[in-house]
2 protein chains.
Amino acid sequence: MSDAEIETARLKEQFRDFLVAEGLKFTRQRRVIADLFFKADEGHRSLNELLAAAQVEQASIGYATVYRTMKLMTDCGVALEHKFADTGLTLFEPNLEGDHHDHIICLTCGRIVEFEDAGIEALQESVARRHGFEVRKHRHEIYADCVAPDCEYRPVA
Amino acid sequence: MSDAEIETARLKEQFRDFLVAEGLKFTRQRRVIADLFFKADEGHRSLNELLAAAQVEQASIGYATVYRTMKLMTDCGVALEHKFADTGLTLFEPNLEGDHHDHIICLTCGRIVEFEDAGIEALQESVARRHGFEVRKHRHEIYADCVAPDCEYRPVA
DNA sequence: CTTCTTGCAAAATTTTTGCATTACA
DNA sequence: TGTAATGCAAAAATTTTGCAAGAAG
């Protein structure tokens, strides 16, 4: 079992535990969505992309079910919701253990790269404290041009 | 003439110049909106707040006019548009000269404080370069709890 | 069995646009 | 006077919800 598989299993279990604790059910639909979402070969997906992928497994799944399932996942912490600028698009990514990161988004091709920088995090804490705040969470997105050889304009679905 | 007044005048002129350059008109409505927006005793305002303030000057002003005017201001760089998390609310603030800053938002009372940190900026450039990106712009928001004595829950309009 | 979930469609938001009329330069 | 702007109301685009029928434990 690879590390990725272990992590997938952990997230799925965390989701299931949450449902049980809340007296909710781990239905076929939620299983399908969780499986494809945690597999996450590509990290950031919209509700419509998740819906399309889910319908491959079960054609009858509706948008509302995916919407509500992702909300549950976000609530219980196994998924992160991102609303990047310059698109009204909401994207989700699995909340992998110990993998806090922020994002660099290419303004041209939309490519999303993750970064983590302890120095920035530390400065951020310090800045907040100086202003009399206690950091709860943050959003740090860098919009940039990338040097990918295949970088070209790609409209978002 | 105070510094603030000079800056207000500069932004207003920049907006007017832009309109002239584009063959557009500096109408009464745009003047009213620009004046109240650049006055900006409080920095971040929603379209509805701007609309209400504009209607004090001219009752007939409609939402669409404010919407389109703020879009023009954003396009020409005299206004910045922010979509903070946890509220679907879009807020605008004047783009004051040499006043780049990011935001700390209190999760409880909604208070917004501005900060600027050269160290963070530098690290950000460095991180992006390391990943093969050239920074164009960024969004850095810290969500936190504040220590204001009057901090209390305030739903956003 | 009872409760929760689903899927549809409709409602609620928010953002954007078309168009006839008015105002500006 | 011709072009652009306004204000209304309607269209789009999203997000969210109500509800009857179906699944889960």
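Below, read A as the first sequence line, B as the second, and so on, with proteins coming before strands; counting in each chain starts at 1. Treat the numbers as computed from the prediction; the structure is a model and nothing was measured.
A donor-acceptor pair is defined here as one N or O able to donate and one able to accept, closer than 3.5 Å; no such pair exists between the side chain of A:Arg16 and the backbone of A:Phe26. At distances below 3.5 Å, at least one donor-acceptor pair connects side-chain atoms of B:Thr74 with backbone N or O atoms of B:Met70. Not one N or O on the side chain of A:Glu93 forms a donor-acceptor pair closer than 3.5 Å with the backbone of A:His44.
Rounded to an integer number of Å, the gap from B:Lys83 NZ to C:dT13 P is 17 Å. In this structure, CD of B:Gln55 is placed 13 Å from C1' of D:dT6, rounded to the nearest angstrom. Straight-line distance from the CZ atom of B:Phe92 to the C1' atom of C:dT14: 12 Å, rounded to whole Å. Atom CG of B:Leu91 is separated from atom C1' of C:dT14 by 14 Å (rounded to the nearest Å). Summarising the geometry, the separation between OH on A:Tyr63 and P on D:dG18 is reported as 17 Å, rounded to the nearest angstrom. Rounded to an integer number of Å, the gap from A:Leu50 CG to D:dT15 P is 13 Å.
Here B:Ile61 lies in heavy-atom contact (under 4.0 Å) with sugar-phosphate atoms only. Contact annotation for A:Gln58: backbone-only contact, meaning every heavy-atom pair under 4.0 Å involves sugar-phosphate atoms and none involves a base.
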Quick one: which protein N/O atoms are closer than 3.5 Å to N/O atoms of nucleotides 23-25 of chain C? Pair and distance per line, please.
{"from": "C:dC24", "atom 1": "O2", "to": "B:Lys25", "atom 2": "NZ", "distance (Å)": "3.1"}
{"from": "C:dA25", "atom 1": "OP1", "to": "B:Phe26", "atom 2": "O", "distance (Å)": "3.3"}

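Remark: A:Arg68 in residues 67-79 of chain A come within less than 4.0 Å of DNA chain C through at least one heavy atom.
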Apply side-chain hydrogen bond (donor to acceptor under 3.5 Å, both in side chains) to the pair A:Asp102 and B:His140, showing each step before the final yes or no.
CA-CA 10 Å; A:Asp102 293 290; B:His140 192 173; over 6 Å; no
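A 4.5 Å side-chain heavy-atom check between B:Tyr67 and B:Leu51 finds every atom pair outside the cut-off.
By the 30° and 60° cut-offs, the orientation of the rings of B:His101 relative to B:His103 is perpendicular.
The 12-atom threshold is exceeded at CD of A:Gln58, counting heavy atoms of other residues, nucleotides or ligands nearer than 6.0 Å.
Between B:Ser60 and D:dT6 there is no side-chain polar atom (N or O) within less than 4.0 angstrom of OP1 or OP2.
Ionic pairing of A:Arg10 and A:Glu7 is present here: one or more N-O contacts between side-chain nitrogen and carboxylate oxygen are shorter than 4.0 angstrom.
Residues A:Phe84 and A:His82 place their aromatic rings such that the two centres sit under 6.0 Å apart.
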